[in-house]
**Student:** 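One structure, as structure tokens, below. Some questions next.
Please read these numbers as outputs of a predicted model, since none were measured by experiment. So that the names make sense, note that chain A is the first sequence line, chain B the second, and so on, each numbered from 1.
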Amino acid sequence: VLDEQQLIERLKARDEDAFVELVERYYGYLLPLADFYVSDRAVAEEVVQDAWLAVLKGIDRFEGRAAFKTWITQIVMNLARTRGVRDSRMVSFSKFSDEETGRWEPAVDPSQFQMANTDYPDHWSVAPRPWNASPESQLLTSETMTVLYNAVDLLPEAQRLVLTLRDINGYTPEEVCNILSITETNQRVLLHRARSKVRGIVEDHYSNSGKANRESRNDLQGTDRVDNGLPGRVLAAS
Amino acid sequence: MTCKELTEWITDYLEGCLPQAENERLEQHLSDCEACQTYLYQMRLTMKALGSKPRVEIPAALESDLLKAFRNWKLSG
């Protein structure tokens with residue numbers, strides 16, 4: 001696998017394979033970014049296309065003082081914002097970010113914790129259960145993976161974009177703050193809410209699919225064990 | 001630290017942004033609470049699964065348009 005610097009040098013030398021590799025490598029990152037600012041998918045695709053045309057036009061002058069990633073990101077953001085304005089969408093990331101971070105949202109449904117008048121207030125009343133088929137397994141089933149990927153699409157826009165950049169595309173917190181012009185704290189709050197929601201959706205999926213199983217085995221409920229597939233009362237000390 | 005607090009601090013913990021005192025409280029709680037160990041594991045599994053999401057495929061028509069543009073650019077010098 002060629003590293004990015006090698007691909008850029010080869011692109012400058014008019015190497016078609018290098019161009020294709022870069023286009024494919026960046027698509028999953030540039031599309032969600034464009035998607036955020038414009039009204040529909042077809043326009044977002046055009047933005048990505050126009051960004052690559054701009055890259056071809058400017059690559060000979062690109063000296064690599066800034067990272068290529070930063071450069072193409074800026075091109076896409078500028079093009080997408082312009083198109084967004086033209087489409088009367090006029091969105092700014094900070095507006096969504098402020099709306100999504102401005103109100104309190106719990107990471108976990110409060111009903112999953114014990115009430116204030118119990119022996120262990122704010123400790124789990126319904127403990128999270130392991131998701132793996134077996135405790136040794138490090139993998140999720142493909143069905144669970146599908147639930148998890150679909151959960152991303154359900155996230156509010158700013159949370160979805162931050163999660164996509166951080167956890168799917170592997171960008172650092174600093175890069176995301178720079179790309180979206182947000183503070184580190186807001187970046188972290190959006191990421192926290194996004195990850196917590198995705199986890200919650202997968203957990204719900206397990207609870208629902210495990211309900212029948214639990215109902216048939218409810219003689220074991222109320223114990224303090226947290227077995228795979230069985231929600232138990234958890235007696236945890238703080 | 002309560003389990004509820006842990007669920008709110010967990011991203012700061014995973015990001016390495018928790019002040020040392022809170023970090024120690026969180027780890028102390030984790031060592032005693034099997035349910036929160038599972039919660040942490042689920043969060044890590046979520047991140048890992050997101051990181052292994054298959055690459056989004058570029059639509060064939062878009063790729064073909066870009067290839068045409070590349071070839072024109074190459075010809076134009």
**Student:** Quick one: pull up CG in A:L163 and CG in B:L50 and give me the separation to the nearest 0.5 Å.
**Tutor:**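 Output value for this atom pair is 5.0 Å.
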**Student:** Between atom OH of B:Y13 and atom NE2 of A:H192, what is the distance when rounded to the nearest 0.5 Å?
**Tutor:**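 It is 15.0 Å, given to the nearest 0.5 Å.
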**Student:** Sort out for me which of A:Y27, A:F19, A:Y29 touches chain B most, counting heavy-atom pairs under 4.5 Å.
**Tutor:**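 Highest number of heavy-atom pairs under 4.5 Å: A:Y27.
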**Student:** One pair to check against side chain to side chain contact (heavy atoms under 4.5 Å, CB included): B:I10 and A:R195. What are the steps and the verdict?
**Tutor:** CA-CA 10 Å; B:I10 198 151; A:R195 279 183 188 163; over 6 Å; no
**Student:** So which heavy atom on A:R199 is nearest to which on B:Y39, and how close?
**Tutor:**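 Heavy atoms of A:R199 and B:Y39 come nearest at NE-CE1, 3.0 Å.
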**Student:** Give a yes or no on whether A:W71 atom CH2 has more than 12 heavy-atom contacts from other residues, nucleotides or ligands under 6.0 Å away.
**Tutor:**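 Count over threshold, so yes.
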**Student:** Assess whether a salt bridge exists between A:R166 and B:E15, defined as any Lys/Arg side-chain N lying under 4.0 Å from an Asp/Glu carboxylate O.
**Tutor:**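 Salt bridge between A:R166 and B:E15, a charged N being under 4.0 Å from a carboxylate O: yes.
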**Student:** Checking A:L11 against chain B: side chain, backbone, both or neither under 4.5 Å from a heavy atom?
**Tutor:**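 Answer is both: backbone and side chain atoms of A:L11 are under 4.5 Å from chain B.
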**Student:** What's the shortest heavy-atom distance between A:R129 and B:T38, and which atoms?
**Tutor:**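 Smallest heavy-atom distance, with atoms named: C-CG2, 3.6 Å.
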**Student:** Answer whether the closest heavy-atom distance between the side chains of B:W73 and A:R14 falls below 4.5 Å.
**Tutor:**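 SC-SC contact between B:W73 and A:R14 confirmed.
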**Student:** Check this for me: A:E174, atom CD, are more than 12 non-hydrogen atoms of other residues, nucleotides or ligands nearer than 6.0 Å?
**Tutor:**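 Yes, CD of A:E174 has more than 12 neighbouring heavy atoms, counting only those of other groups under 6.0 Å.
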**Student:** Backbone N or O of B:A49 within a donor-acceptor pair of the A:Y149 side chain at under 3.5 Å?
**Tutor:**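 Yes, because the side chain of A:Y149 sits within donor-acceptor range (under 3.5 Å) of the backbone of B:A49.
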**Student:** Identify the heavy atoms of B:M47 and A:D167 that sit nearest to each other, and give their distance.
**Tutor:**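 For B:M47 and A:D167, the tightest heavy-atom pair comes out as CG-OD2, 3.9 Å.
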**Student:** State, to 0.1 Å, how close A:P128 and B:A35 come at their nearest heavy-atom pair, and which atoms those are.
**Tutor:**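 Between these two residues, the closest heavy atoms are CG-O, 3.4 Å.
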**Student:** Is chain A contacted by the side chain of B:R71, its backbone, both, or neither, given a heavy-atom distance below 4.5 Å?
**Tutor:**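 For B:R71, the contact with chain A is made by the side chain alone.
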**Student:** Between A:E46, A:Q49, A:E203, which residue shows the highest count of heavy-atom pairs closer than 4.5 Å to chain B?
**Tutor:**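 Answer, by heavy-atom pair count under 4.5 Å with chain B: A:Q49.
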**Student:** Please look at B:L62 and chain A and tell me whether the side chain, the backbone, both or neither of the residue comes under 4.5 angstrom of a heavy atom of that chain.
**Tutor:**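 Contact with chain A is through the side chain of B:L62 alone.
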**Student:** Kindly say whether A:A107 contributes a backbone atom to a donor-acceptor pair with the side chain of B:E8 at under 3.5 angstrom?
**Tutor:**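 Yes, the answer is positive, given that a donor and an acceptor are paired below the 3.5 Å cut-off.
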**Student:** Could you tell me which portion of B:S52 (side chain, backbone, both or neither) has an atom closer than 4.5 angstrom to a non-hydrogen atom of chain A?
**Tutor:**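 Looking at B:S52, backbone and side chain both touch chain A.
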**Student:** What option among A:L31, A:V48, A:V202, A:L56 has the most heavy-atom pairs under 4.5 Å with chain B?
**Tutor:**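 Looking at each of A:L31, A:V48, A:V202, A:L56 in turn, A:L56 comes out on top.
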**Student:** Pick one of side chain, backbone, both or neither for A:D50, based on which atoms fall under 4.5 Å of a heavy atom in chain B.
**Tutor:**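 When you check distances to chain B, no heavy atom of A:D50 falls under 4.5 Å.
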**Student:** Closest heavy-atom contact between B:C33 and A:W124?
**Tutor:**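 Smallest interatomic distance, heavy atoms only, reads SG-CD1, 4.5 Å.
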**Student:** Under 3.5 Å, side chain of B:E5 to main-chain N/O of A:D122, donor-acceptor pair present?
**Tutor:**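 No: the side chain of B:E5 does not pair with the backbone of A:D122.
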**Student:** Using side-chain heavy atoms (C-beta onward) and a distance below 4.5 Å, is A:F113 in contact with B:C3?
**Tutor:**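 Yes. Closest side-chain heavy atoms under 4.5 Å.
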**Student:** With a 4.5 angstrom heavy-atom cut-off, is it the side chain or the backbone of A:I59 that approaches chain B, or both, or neither?
**Tutor:**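 For A:I59, the side chain is the part near chain B, not the backbone.
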**Student:** Top residue by heavy-atom pair count (under 4.5 Å) with chain A, among B:K74, B:K53, B:E57?
**Tutor:**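 Most heavy-atom pairs under 4.5 Å with chain A: B:K53.
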**Student:** Any side-chain heavy atom of B:K4 within less than 4.5 Å of one from A:V108?
**Tutor:**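 B:K4 vs A:V108: side chains apart.
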**Student:** Side chain, backbone, both or neither: which part of B:C17 has a heavy atom under 4.5 Å from chain A?
**Tutor:**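 The side chain, not the backbone.
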**Student:** Are B:C36 and A:H123 packed together at the side-chain level, in the sense that at least one heavy-atom pair is separated by less than 4.5 angstrom?
**Tutor:**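 When only atoms from C-beta onward are counted, A:H123 and B:C36 do not touch, as no gap falls below 4.5 Å.
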**Student:** Run through A:V23, A:V20, A:L30 and flag the one making a side chain to side chain contact (heavy atoms under 4.5 Å, CB included) with B:I58.
**Tutor:**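 Testing each of A:V23, A:V20, A:L30 against B:I58, the sole residue satisfying side chain to side chain contact (heavy atoms under 4.5 Å, CB included) is A:V23.
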**Student:** Atom CG of A:L148 and atom OG1 of B:T46: how far apart are they, to the nearest 0.5 Å?
**Tutor:**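 Between atom CG of A:L148 and atom OG1 of B:T46 there are 5.5 Å.
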**Student:** Out of A:M145, A:E16, A:R193, A:E45, which one racks up the most heavy-atom pairs below 4.5 Å with chain B?
**Tutor:**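 Heavy-atom pair counts peak at A:E16.
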**Student:** Could you tell me which non-hydrogen atom of B:L66 sits nearest to which non-hydrogen atom of A:W52, and how far apart they are?
**Tutor:**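 Result for this residue pair: CD2-CB, 3.5 Å.
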**Student:** Please look at A:P121 and chain B and tell me whether the side chain, the backbone, both or neither of the residue comes under 4.5 angstrom of a heavy atom of that chain.
**Tutor:**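 Only the backbone of A:P121 comes within 4.5 Å of chain B.
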**Student:** Could you check which of A:V198, A:D60, A:I168, A:V152 has the highest count of heavy-atom pairs closer than 4.5 Å to chain B?
**Tutor:**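 Among A:V198, A:D60, A:I168, A:V152, the one with the most close pairs to chain B is A:I168.
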